Amino acid sequence: MCRSIKTLRPPVLPHEATPDDIRAAALQYVRKVSGFRAPAAHNREVFERAVDEITEATARLLATLEVRGGHSASASASTSAGVGPRSAPVRPQVPGSSPDVV
């Protein structure tokens, strides 16, 4: 694997991953897999699309990871990247009833 790609989740990363951290890792991954540091003009669009897709997938992953014995992954990094966990709203619990999802 590319040595430039760093682990982006706490507690390995002392702070929450920023959108710039996530995009930089995605760019390094695409560079490594494609074998190109910078794509030729005729490959630029597919190269950038791959970086965008990997950035989004990485933000979703970090937003939904659960780290046992630590804190859950960064929701703020994914929120600022425009991606976050999706969960259904929960109705307030009435005494004597069980909670259900809306």
Side-chain angles (χ1 to χ4, degrees):
M1 191 60 177
C2 184
R3 294 179 190 197
S4 298
I5 299 174
K6 307 292 184 219
T7 300
L8 296 180
R9 67 165 176 78
V12 177
L13 189 67
H15 56 78
E16 293 180 345
T18 66
D20 288 339
D21 294 330
I22 295 168
R23 183 156 183 88
L27 177 60
Q28 286 300 319
Y29 175 81
V30 172
R31 285 176 172 168
K32 182 67 170 186
V33 170
S34 70
F36 296 111
R37 182 173 177 352
H42 62 278
N43 285 325
R44 187 168 293 123
E45 184 179 335
V46 295
F47 189 93
E48 288 300 321
R49 184 173 40 238
V51 172
D52 292 342
E53 290 172 0
I54 293 167
T55 298
E56 291 172 11
T58 302
R60 280 192 306 272
L61 171 69
L62 292 174
T64 57
L65 278 177
E66 180 180 328
V67 180
R68 299 249 170 136
H71 25 288
S72 63
S74 163
S76 65
S78 62
T79 303
S80 24
V83 180
R86 295 182 182 148
S87 60
V90 177
R91 288 187 183 145
Q93 188 172 0
V94 177
S97 68
S98 61
D100 54 328
V101 176
V102 177

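All values derive from a computational prediction rather than experimental measurement.
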Under the side chain to side chain contact (heavy atoms under 4.5 Å, CB included) test, which residues partner Asp52, sequence neighbours left out? Arg23
Taking side chain to side chain contact (heavy atoms under 4.5 Å, CB included) as the definition, give me every residue that meets it alongside Ala25, ordered by chain and number, with sequence neighbours left out. Ile5, Leu8
dist Thr58:OG1 -> Arg9:CZ (nearest 0.5 Å) comes out at 14.0 Å
Residues forming a side chain to side chain contact (heavy atoms under 4.5 Å, CB included) with Leu27, sequence neighbours excluded: Arg31, Phe47, Val51
Contacts satisfying salt bridge (charged side-chain N to carboxylate O under 4.0 Å, His left out) that involve residues 37-47 (not counting sequence neighbours) are Glu45-Arg49
Are Ile54 and Val33 connected in a single hydrophobic cluster, I mean Ile/Leu/Val/Met/Phe/Trp/Tyr linked by side-chain heavy atoms less than 4.5 Å apart? yes
If you take all heavy atoms of Asp21 and Glu16, which pair is closest and at what distance? OD2-O, 4.2 Å
